Amino acid sequence: MSEYSPQTIEKKWQQRWAERQTFEVAAESSKPKFYCLVMFAYPSGHAHVGHVRNYMIGDVVARMKRMQGYHVIHPFGWDAFGLPAENAAIQNKVHPRAWTLDNIAHMKGQLQRLGISYAWEREIATCLPNYYHWNQWIFLKMFERGLAYRRRSTVNWCPSCLTVLANEQVIEGQCWRCSSEVDARALEQWFLRITAYADQLLDGIDRLTEWPEKVLTMQRNWIGRSEGARVQFLLTGDTAVPIEVFTTRLDTIYGATFILLAPEHPLVEEIATTANEPEAFRERVRRFRTQDRTARLTGDIEKEGFDTGRRATNPFTGEDVQVWVANFVLGDYGTGAVMGVPAHDQRDFEFAQKYNLPVRVVVQSDEDATSLSEFEEAYVGSGRLVASEEFSGLPSAEARVLMTQVATDRKIGEGAVQYRLKDWGISRQRYWGTPIPIIHCESCGLVPVPYDKLPVELPDVTAFSGRGDSPLAQVPEFVNTTCPTCGTDARRETDTMDTFVDSSWYYYRYCDPHNKALPFDPEAVRYWTPVDFYSGGVEHAILHLIYSRFFCRVMRDLGLVEHDEPFTRLLTQGMVLKDGAVMSKSKGNVVDPDDMMATYGADTLRLYEMFVAPPEKEIEWTDTGLEGSFRFLSRVWRLVEPLAARVRDAGQPSANLDDTERAMRRKTNETIHRVSRDLDPRVHLNTAVSALMELVNDLYVFCDKAGCGPRARQSETSDIRPETAAVLREAIEALVLLMAPFTPHIAEELWERLGYSEGLIAAQWPKIDSSVAGPDTVVVPVQVNGKVRARLTVDTGRSDADLEADALVDPQVQGHLAGKTIVKVIVARGRLVNVVTK
RNA sequence: GCGAAAGUGGCGGAACUGGCAGACGCGCCGGAUUUAGGAUCCGGUGGCCGCGAGGCUGUGGGGGUUCAAAUCCCCCCUUUCGCACCA
């Protein structure tokens with residue numbers, strides 16, 4: 001008998017898979033298709049055991065589906081643009097491309113050593129021109145349809161690094177790199193009009209029945225639809241300028257006793273010019289606007305405001321109300337102006353208290369009529385209107401409908417829907433991203449780069465200082481060009497795209513990764529998509545997954561794809577923790593899969609990560625748990641390896657079996673059932689593994705009895721009873737096949753030793769044998785008043801009436817019935833008896 | 001503050017439509033084997049009481065429904081995650 005030597009086995013099979021291109025997949029097949037996708041990787045350098053968990057989960061699903069007869073596409077690629085490469089370039093004087101490609105090479109090796117069954121021939125890297133070409137192509141299609149546009153917007157600006165920062169790069173109001181206070185600055189930026197699809201993205205959520213509820217809730221909140229109305233208050237003065245406000249509570253408008261403008265509201269500057277002391281006015285506005293941006297956004301700031309001195313007319317009451325500028329009003333939501341209803345909005349209430357503004361109750365709850373003197377907080381619920389002229393007495397909901405109608409008729413407002421979702425700012429002043437394919441011409445304006453001039457390739461910048469604007473702006477050969485329309489001198493756009501653009505459609509490119517004429521052939525995508533199973537980290541619950549849903553719809557409208565939703569089923573996998581914390585280089589708690597594989601092999605690592613918890617849950621890394629998995633695989637090896645040659649020629653189990661053999665067959669069958677069910681539709685990989693462990697435990701006992709187990713080495717040459725050999729072969733083959741998705745290398749090796757030379761790719765998922773008889777007897781617990789007092793061993797299928805009789809004559813049961821009156825006896829579907837007494 | 005999810009042995013976790021709580025693994029204890037250790041194999045392992053048979057108790061806490069509750073309902077506590085002035 002040989003030792004279990006994972007290093008030898010794993011190398012052998014990985015080579016064979018590569019040579020035979022086992023996991024490459026043809027364009028079409030007569031089999032049903034299955035698209036198994038895991039989120040592609042950012043090539044940061046080294047994958048740790050937390051990153052690879054997701055790839056293992058996907059691999060289990062892909063390998064199982066192949067064995068179940070599906071034509072499986074299981075691709076992988078690299079989300080290869082992004083800031084870290086540029087930072088590495090600054091720090092280590094390496095070109096981002098070299099850094100990225102080196103990392104990809106290393107990480108690809110890691111995945112191959114793990115034995116993940118990818119169709120590597122379809123590998124993509126977003127930083128290569130043959131990929132980002134199509135980012136540019138899609139961008140231009142969106143530009144043509146008005147879905148990509150340019151406008152000024154407020155961004156985070158670091159005055160020391162002289163660059164724009166993403167929201168994630170602003171930590172407590174400071175630059176993550178140099179800790180300078182971040183300013184708000186208005187810049188021309190490119191946006192994608194995701195808000196045009198807001199309603200579709202929201203409605204589509206209801207049809208995502210195979211996504212985690214948590215993710216759907218997050219997306220709903222992110223989109224944040226609110227129904228209400230826009231109403232105009234007229235600013236009093238020489239010219240009656242309208243101030244439009246958005247409200248979801250038009251029913252409270254009779255209680256609107258002031259107007260609040262965001263510091264960014266366009267009217268603020270206009271009002272400033274007519275103020276008594278314009279400069280002091282502007283200074284106060286400026287102070288609000290430069291208040292810590294993050295704090296303002298999180299509401300972690302004292303509510304402040306000041307009276308502009310101007311008045312506006314409430315269109316319903318006809319009264320003039322004060323117009324204030326307030327720091328807590330958001331400039332980029334709704335109209336940037338709100339009506340202040342202190343009696344029915346908590347924020348307005350606090351504001352009114354602070355500045356002694358009038359409070360007027362206009363809605364009263366049905367239960368208790370609130371009077372003003374009792375007010376300690378705003379009443380924000382619905383109720384019946386009071387002090388609202390002809391609307392008084394109406395319930396809030398009805399009043400909103402009627403008042404919206406009245407506002408529309410009087411042309412002072414209309415019903416409106418607002419979304420929290422904002423258009424997606426994709427401009428990045430960075431080098432390592434997709435160049436935006438636009439040319440700025442003085443006479444023609446924004447001119448798209450013609451399709452036949454794509455891709456606009458990144459020039460070879462070599463000096464990365466980390467300062468200044470977009471590095472592309474400093475490359476004259478890149479910037480200076482001619483206008484495609486009029487031929488005069490023109491400038492290229494120097495912003496690059498957010499890398500979330502790259503990841504919004506990569507799953508389509510896998511279907512046709514080498515296409516040189518289009519992002520992909522719609523036929524290929526029609527065949528493979530939508531993605532049947534998608535697995536990745538929950539941190540992408542909103543960003544990537546909502547952007548992809550958006551891109552999917554845009555591509556549908558472009559006639560490129562035919563479905564509305566790209567991912568049918570989503571699994572969000574939990575993180576791997578070490579010492580209670582997420583693994584990270586800076587914490588120094590990363591576990592390198594290569595270290596683990598060197599000691600225990602890839603199969604052990606895979607098995608451990610699949611067994612220790614359900615895929616959705618986070619897991620705490622333990623070395624002892626890993627050893628346990630190694631122990632199990634060694635145990636399988638010690639059992640199967642010496643037995644394989646002895647049972648490989650055994651026939652089918654006959655009817656002529658003894659009790660032990662029949663029980664063994666039942667266990668085999670039961671394990672097939674449990675593992676199949678746990679893998680699909682549930683993806684309960686941990687319980688599937690425990691079912692396999694039980695089978696192995698039973699096999700040890702069985703072999704022990706049959707005198708052919710690991711403990712009976714001396715009998716290796718002795719004969720095994722033919723019936724026993726047949727039962728063993730059946731059990732062992734099922735075991736090996738069921739293990740194959742989890743631990744493919746050891747499974748391949750044992751499968752070969754069982755006499756199959758074509759590999760597991762040619763093997764089929766084991767089927768339940770319905771001819772295997774169930775057990776002759778079952779154990780039925782008997783309860784007295786809900787407590788188990790005895791267990792009866794009875795023939796299978798014994799009637800409930802007989803069971804009741806059996807229970808009542810049982811001596812144990814009788815002992816507990818002494819001196820009591822039986823009220824009734826319940827027999828639960830032949831599984832349990834409960835005697836109820838008084 | 002709002003919303004969602006989750007609380008089960010020393011630990012990770014099982015438990016189908018309410019029906020034997022703790023599968024499987026880790027750890028621990030004992031035994032076999034071994035010069036010894038490791039490895040391996042076998043057995044035990046929620047808590048309390050009992051020599052034992054056995055009894056009591058037990059799924060965050062408190063109520064409730066039910067013959068029967070980890071599972072269903074109500075209240076509370078804790079943890080995690082998400083959102084966070086969205087008018």
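The model shown is predicted, which means the values in this text are computed figures rather than measured ones.
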Whole-Å P distance, B/G55 and B/U35: 46 Å
Answer syn or anti for B/G9, where the cut-off is 90° from 0 on the glycosidic torsion. syn
Using the C1' atom on both, measure B/G60 against B/A6 and round to a whole Å. 11 Å
Compare side-chain N and O positions of A/Arg638 against OP1 and OP2 of B/C41 and report whether any pair is under 4.0 Å apart. yes
Side chain of A/Arg789: nearest nucleotide among B/C42, B/A87, B/C56? B/C56
Looking at B/U80, I'd like to know if its phosphate oxygens (OP1 or OP2) sit under 4.0 Å from a side-chain N or O belonging to A/Lys214. no
Listed partners of A/Asp810 passing side chain to side chain contact (heavy atoms under 4.5 Å, CB included), at least two apart: A/Ala790, A/Leu792, A/Gln812, A/Val813
Ion pair check, A/Glu350 and A/Lys354, cut-off under 4.0 Å: no
So if I take residues 825-833 of chain A and measure heavy-atom distances to RNA chain B, which residues fall below 4.0 Å? A/Ile826, A/Ala828, A/Arg829, A/Arg831, A/Leu832
Would you indicate which nucleotide in B/G19, B/G13, B/G82 comes nearest to any side-chain atom of A/Met218? B/G82
Quick one about A/Asn697 and A/Arg635 (side-chain donor to acceptor, distance below 3.5 Å, no hydrogens or angles considered), yes or no? yes
Identify, with sequence neighbours excluded, every residue that meets salt bridge (charged side-chain N to carboxylate O under 4.0 Å, His left out) alongside A/Lys214. none
Decide whether a cation-pi geometry holds between A/Lys303 and A/Phe328; the criteria are a distance under 6.0 Å from NZ or CZ to the six-membered ring centre and an angle within 45° of the ring axis. yes
Look at the aromatic rings of A/His344 and A/Tyr379 and report parallel, tilted or perpendicular, splitting at 30° and 60°. perpendicular
Work out how far the C1' atom of B/G22 is from that of B/A14, and round it to whole angstrom. 7 Å
Same-atom distance (C1') from B/C16 to B/U71, integer angstrom: 12 Å
Looking at every strand, decide which applies to A/Phe632 at a 4.0 Å heavy-atom threshold: base, sugar-phosphate, or nothing. nothing
Rounded distance (Å) that lies between atom P of B/G1 and atom CD of A/Glu350: 14 Å
Salt bridge (charged side-chain N to carboxylate O under 4.0 Å, His left out) involving A/Arg666 - partner list, sequence neighbours excluded: none
Using heavy atoms to find the nearest nucleotide of RNA chain B for A/His816 and A/Tyr333 separately, return the residue whose nucleotide is more 5′. A/His816
Residues in salt bridge (charged side-chain N to carboxylate O under 4.0 Å, His left out) contact with A/Asp423, at least two apart in sequence or another chain: none
When rounded to whole Å, the CG to P distance for the pair A/Asp579 and B/C11 reads 18 Å
Any Lys/Arg nitrogen of A/Glu618 or A/Arg53 sitting under 4.0 Å from an Asp/Glu carboxylate oxygen of the other? no
Using the C1' atom as the reference point in each nucleotide, state the distance between B/G13 and B/G27 in Å, no decimals. 14 Å
Residues at least two apart in sequence or cross-chain that pass side chain to side chain donor-acceptor pair (under 3.5 Å) with A/Asp795, listed by chain then number, are none
Which residues pass the side chain to side chain contact (heavy atoms under 4.5 Å, CB included) test with A/Ala688, not counting sequence neighbours? A/Val675, A/Asp678, A/Leu679, A/Phe742
Gap between atoms CD and P, on A/Glu213 and B/A6 respectively (whole Å): 11 Å
Whichever of A/Val612 and A/Ser226 has its nearest RNA chain B nucleotide further upstream toward 5': A/Val612
What pairs with A/Val612 under side chain to side chain contact (heavy atoms under 4.5 Å, CB included), at least two apart in sequence or on another chain? A/Tyr608, A/Ile619
Atom NZ of A/Lys787 and atom P of B/C67 are separated, to the nearest Å, by 17 Å
Could you write out each protein N or O paired with an N or O of nucleotides 21-28 of chain B at a distance under 3.5 Å?
from	atom 1	to	atom 2	distance (Å)
B/A23	O2'	A/Glu694	OE2	2.8
B/G25	OP1	A/Asn697	ND2	3.2
B/C26	OP1	A/Arg631	NE	3.1
B/C26	OP1	A/Arg631	NH2	2.8
B/C26	O2'	A/Thr624	OG1	3.1
B/G27	OP2	A/Arg631	NH2	3.1

With sequence neighbours excluded, residues passing side chain to side chain donor-acceptor pair (under 3.5 Å) with A/Arg400: A/Asp251
Figure out the CG/P separation between A/Leu685 and B/G13, and round it to whole Å. 14 Å
Categorize A/Arg225 for me: base, sugar-phosphate, or nothing, with a 4.0 angstrom heavy-atom threshold over every strand shown. nothing
Expressed in whole Å, how much space separates the P atoms belonging to B/G44 and B/G25? 13 Å
With C1' as the reference atom in both, quote the distance from B/U66 to B/U8 in angstrom, rounded to an integer. 22 Å
Watson-Crick and G-U pairing of RNA chain B written in dot-bracket, each distance under 3.5 angstrom, with | for inter-strand partners: (((((((..(((......[....)))((((((.......))))))((((....))))..(((((..]....))))))))))))....
Specify the separation, in whole Å, of atom CD of A/Glu609 and atom P of B/G13. 14 Å
By salt bridge (charged side-chain N to carboxylate O under 4.0 Å, His left out) - contacts of A/Arg677 (at least two apart): none
Touch check for A/Val338, heavy atoms < 4.0 angstrom, all strands: base, sugar-phosphate only, or nothing? base
In whole angstrom, what separates A/Arg220's CZ from B/C2's P? 21 Å
What's the gap between B/U79 and B/A87 when it is taken at their P atoms, as a whole Å value? 30 Å
Under 4.0 angstrom, heavy atoms only, what part of the nucleic acid is A/Arg682 near: base, sugar-phosphate, or nothing? sugar-phosphate
In whole angstroms, the gap separating P of B/A5 from CH2 of A/Trp211 amounts to 18 Å
Choosing from B/A87, B/C67, B/G13, which nucleotide comes nearest the side chain of A/Pro614? B/G13
